[in-house]
Amino acid sequence: MRHPILRAMGLLLLLVLVGPAVAAADGMTLRQVAEVRAVGRAGISPDGRHVAYLLSVPRSPGVDDDGPAWSELHLGSRDGGSRGFVTGKVNVGAHAWLPDSRSLAYLAKREGDETRTLYRIPVDGGESVAIATLKSDISAFSLSPDGRRVALLATAPESDALKALRKKGFTQKVYEEDWRPVQLWIAELGDDGAEPKLVEVEGSVQSVEWSPAGDRLGLTVAPRQLTDDTLVFTRVRIVSPEGRVLGAVDNPGKVGGLSWSPDGSHLAFISAQDRHDAQQGRLFVVGRDGGAWRDLLPDLPGHVVDVEWRDAATVQFISWEGVQARLGEVGVAGGAQRTVLAAEGPVWSGFSRSTTGDIALVGSTPQHPSEVFLLPAGSAAPRKLTDSNPWLGDVRLARQEVIRYPARDGLEIEGLLVHPLQRRGNARVPLIVVVHGGPESHYNNGWLTAYSQPLHHAAAQGYAVFLPNYRSSTGRGVEFSKKGFGRPGMEEFDDVVDGVDHLVASGLVDRDRVGITGGSYGGYASAWGATYYSERFAASVMFVGISDQASLVTTGDIPWEQNLVHMGTWPWEDPELFRKTSPVTYAQQSKTPTLILHGEADPRVPVMQSYMLYRYLKLAGQAPVRLVLYPGEGHGNSRAASRYDYSLRLMQWMDHYLKGPGGEPPAHALDYALPAPEAKK
């Protein structure tokens with residue numbers, strides 16, 4: 001076993017980690033990590049003069065009232081500069097430009113609203129005006145091409161009778177039976193007296209896109225509003241504004257975004273290649289009436305994440321390829337494609353086009369979170385329009401490097417390495433391995449620091465941080481993403497360990513001071529590292545992770561996804577597979593100190609998965625184990641206090657066992673070192 005008595009670092013170091021207000025080696029503090037802002041979706045005006053975007057504004061832990069980040073609407077100018085448009089204690093949702101570029105429509109629940117409402121606000125001054133409201137929250141909308149009508153999505157409201165019963169205490173839930181569908185409504189804009197009209201659609205509508213021709217709507221529809229159905233059984237439908245079915249697409253698996261051609265003759269959509277493909281990432285196109293589709297990018301060594309039309313004959317797309325992103329285009333008939341922006345520089349997550357050919361993009365780099373960029377028509381290089389965290393310019397950040405190494409079977413694996421901010425000569429350093437979830441996901445070479453992976457804070461404390469894109473990750477095509485099908489864990493997590501060996505062999509990492517962490521499937525990897533690979537890891541922090549595969553299928557909310565894209569079978573058909581891929585099977589051999597954290601309201605990976613691993617390890621009694629639960633949190637923490645607490649505990653645990661003193665766990669009570677309320681900026 002590779003767990004020698006770790007050298008003590010003293011009480012002062014422990015206080016530095018637990019108290020984020022104290023900066024170390026001029027890197028990021030945990031409080032700074034907690035307050036990073038990031039741009040969400042952005043849309044350029046049809047005339048190309050402005051870009052509207054959402055800005056995530058975290059609440060300050062211990063200063064603001066606790067809760068998730070606020071979502072503000074901001075407006076950027078193509079000539080530079082931006083201004084807050086709808087700001088403060090707001091949660092702005094989807095937004096879209098009116099065809100004349102003079103006003104914006106957006107979703108929000110403002111003071112006095114009973115439900116989330118659709119508003120319109122003029123660009124050049126004026127107040128927001130409510131233009132559509134329903135008896136339940138509007139979740140999405142799509143404007144008609146002439147701007148006179150809007151398609152709305154909202155969950156069917158509860159009946160008055162049911163509301164009355166709930167007030168009397170009858171709040172029972174009937175599991176997977178008392179769901180309500182998301183309905184489609186059409187509202188006339190400009191007619192104050194007109195009520196929105198319900199459009200009858202069989203199933204539960206997930207998204208809507210109005211055709212530029214104005215005569216039809218593209219929908220994605222799930223059979224029921226249950227997670228499994230929305231993930232793997234959602235299909236594309238085409239209907240008239242009155243609800244008449246005009247066509248359908250039997251997409252072969254998971255489905256992503258839709259985009260109509262400018263003349264309304266074709267519909268592009270992002271889909272899985274087949275029912276066993278874990279992630280939508282193929283670019284398909286069909287005619288206006290649906291039917292058979294064409295794959296425009298067969299054998300693409302990446303995954304398409306966004307699509308827009310340049311003109312009626314050309315589709316533009318963003319594809320994540322390896323750890324980078326590319327903006328490309330291809331003809332509607334397929335064939336040769338062209339690269340508009342090469343897979344280098346910022347990692348793009350979305351884009352939109354103006355009628356003038358200007359393109360707004362959202363992208364991040366290792367030096368900053370997501371910001372808005374503008375690629376003017378005819379230009380070869382985009383320029384950054386926004387700077388949401390100007391203080392980052394005064395923070396010294398660690399170097400982030402793309403690394404590649406051979407797995408034990410010869411397969412090339414790619415990942416990211418964040419170097420320690422300071423290193424004494426050639427001294428070996430402790431390593432934190434951060435494993436992504438999914439596994440249908442991957443790390444890109446953009447901004448990666450977050451509350452659950454505070455990379456730049458860890459680097460400032462002298463750690464190297466390794467983020468592997470093990471087999472089954474996205475970004476390298478369907479074949480690579482299917483390599484773990486029917487064999488979860490196993491070779492996937494061998495790839496993680498092989499990456500650690502690569503870093504040890506390079507002379508950077510101390511083999512005896514390696515920790516592992518991650519959430520969801522990354523939590524599964526952390527549990528695997530603490531049990532199956534216990535001799536390789538001196539500390540493990542598991543977050544909302546899997547510990548027992550069979551019970552996950554029968555208690556979680558995605559059994560069909562588990563079967564179709566992960567396991568390929570059921571527990572009663574191959575019990576041995578589920579046994580040997582479960583970390584609890586190897587709990588008796590664990591000698592890795594393990595911290596387990598979980599939201600009590602997690603429907604995806606139920607909290608019992610953490611209870612099970614905790615009890616198995618506790619009864620084994622060979623290493624310290626601690627279980628921390630977050631009331632009200634789901635599959636990941638959303639509230640500021642829960643996120644901050646998580647960051648502190650993660651770093652405290654790693655420091656205690658990778659730097660010292662080791663032994664018994666650190667105190668479970670934390671000193672949050674919260675600022676006084678008057679210190680709020």
Side-chain angles (χ1 to χ4, degrees), residues 1-9 13 17 24-28 322-323 366-367 396-436 443 445 448-449 453-471 473 492-518 525-526 529-530 533-541 591-593 650-651 653-662:
M1 296 295 180
R2 301 186 182 276
H3 294 302
I5 298 176
L6 300 175
R7 58 187 66 89
M9 298 300 290
L13 179 59
L17 284 173
D26 70 347
M28 289 187 75
V323 296
Q367 289 75 44
R396 187 173 164 225
L397 300 176
R399 180 165 64 97
Q400 185 168 298
E401 177 189 6
V402 181
I403 64 170
R404 297 175 180 86
Y405 59 92
R408 62 192 66 180
D409 62 359
L411 183 67
E412 183 179 77
I413 305 298
E414 193 173 47
L416 281 304
L417 174 66
V418 179
H419 288 262
L421 196 54
Q422 293 182 338
R423 182 184 179 193
R424 294 180 180 176
N426 293 322
R428 291 182 179 269
V429 301
L431 174 71
I432 299 175
V433 181
V434 184
V435 186
H436 68 69
Y443 291 116
N445 194 24
L448 298 171
T449 286
Q453 48 192 56
L455 312 185
H456 284 298
H457 176 74
Q461 302 296 329
Y463 291 98
V465 186
F466 171 49
L467 304 98
N469 287 330
Y470 51 94
R471 71 190 68 197
S473 300
E492 296 171 343
F493 300 154
D494 289 348
D495 293 346
V496 175
V497 171
D498 292 345
V500 174
D501 286 343
H502 173 78
L503 295 175
V504 171
S506 74
L508 174 66
V509 168
D510 184 340
R511 185 183 182 93
D512 293 326
R513 295 191 292 159
V514 179
I516 186 170
T517 189
S526 303
Y533 266 125
S534 181
E535 77 279 2
R536 302 303 306 274
F537 295 99
S540 174
V541 178
K591 294 186 178 179
T592 301
L650 166 66
M651 292 307 303
W653 196 264
M654 290 299 181
D655 186 69
H656 189 79
Y657 288 106
L658 301 186
K659 292 184 175 181

query: Taking the six-membered ring for Trp, are Tyr443 and His436 parallel (under 30°), tilted (30 to 60°) or perpendicular (over 60°)?
result: perpendicular
field: Nearest non-hydrogen partners of Ala398 and Val418, listed with the distance
entry: CB-CG1, 3.8 Å
statement: Value for CG (Leu416) from CG (Leu455), rounded to nearest 0.5 Å, stands at 9.0 Å
His656 side chain near Pro661 side chain, heavy-atom distance below 4.5 Å: yes
task: For Ile413 and Asp498, run side-chain contact (heavy atoms from CB on, under 4.5 Å): C-alpha distance rounded to whole Å, both residues' side-chain angles, the deciding distance at 0.1 Å, then the answer.
output: CA-CA 9 Å; Ile413 305 298; Asp498 292 345; over 6 Å; no
field: Sole candidate of Arg408, Arg404, Arg471 that passes salt bridge (charged side-chain N to carboxylate O under 4.0 Å, His left out) when paired with Asp495
entry: Arg471
query: If you measure only the distance, is there a donor-acceptor pair under 3.5 Å linking the side chains of Thr592 and Ser534?
result: yes
- line: Between Val504 and Arg428 the two heavy atoms that sit nearest each other are O-NH1, 2.8 Å
task: Begin with the C-alpha distance, continue with both residues' side-chain angles, and end with the deciding distance and a verdict on side-chain contact (heavy atoms from CB on, under 4.5 Å) for Leu448 and Val465.
output: CA-CA 11 Å; Leu448 298 171; Val465 186; over 6 Å; no
- request: Scan Glu401, Gln400, Arg399, His502 and name whichever one has a side chain to side chain contact (heavy atoms under 4.5 Å, CB included) with Leu417.
  value: Glu401
- request: Applying side-chain contact (heavy atoms from CB on, under 4.5 Å), run through Arg511 and Asp501 and close with a yes or a no.
  value: CA-CA 8 Å; Arg511 185 183 182 93; Asp501 286 343; 3.4 Å; yes
For Pro468 against Val433, the heavy-atom pair lying closest together: CD-CG1, 4.2 Å
- request: Look up atom CD in Gln461 and atom CE in Met651, then write down how far apart they are to the nearest 0.5 Å.
  value: 6.0 Å
task: For Val514 and Arg536, work out which heavy atoms get closest and say how close.
output: CB-O, 4.0 Å
message: How about CG on Asn426, more than 12 heavy atoms from neighbouring residues, nucleotides or ligands closer than 6.0 Å, or not?
response: no
task: With side-chain contact (heavy atoms from CB on, under 4.5 Å) as the test, would you mind laying out the steps for Leu508 and Val429 before giving the verdict?
output: CA-CA 6 Å; Leu508 174 66; Val429 301; 4.0 Å; yes
- prompt: Closest heavy-atom contact between Pro593 and Trp653?
  reply: O-NE1, 3.2 Å
task: Starting at CG of Asp655, measure out to CG of Leu650 and round the result to the nearest 0.5 Å.
output: 11.0 Å
- prompt: Are side-chain heavy atoms of Met654 and Thr517 found at a separation under 4.5 Å?
  reply: yes
- request: Please answer whether the main-chain N or O of Gly518 pairs with a side-chain N or O of Ser526 as donor and acceptor at a distance below 3.5 Å.
  value: yes
- prompt: Any side-chain heavy atom of Tyr405 sitting closer than 4.5 Å to one from Leu503?
  reply: no
task: Quick one: pull up NE2 in His456 and CG in Leu397 and give me the separation to the nearest 0.5 Å.
output: 4.5 Å
field: Distance, nearest 0.5 Å, that separates CG of Leu658 from CD1 of Ile432
entry: 6.5 Å
- prompt: Parallel, tilted or perpendicular: which describes the rings of Tyr470 and Phe493, with under 30° parallel and over 60° perpendicular?
  reply: perpendicular
- line: Heavy-atom nearest pair, Pro430 first then Gly462, reads CD-O, 3.8 Å
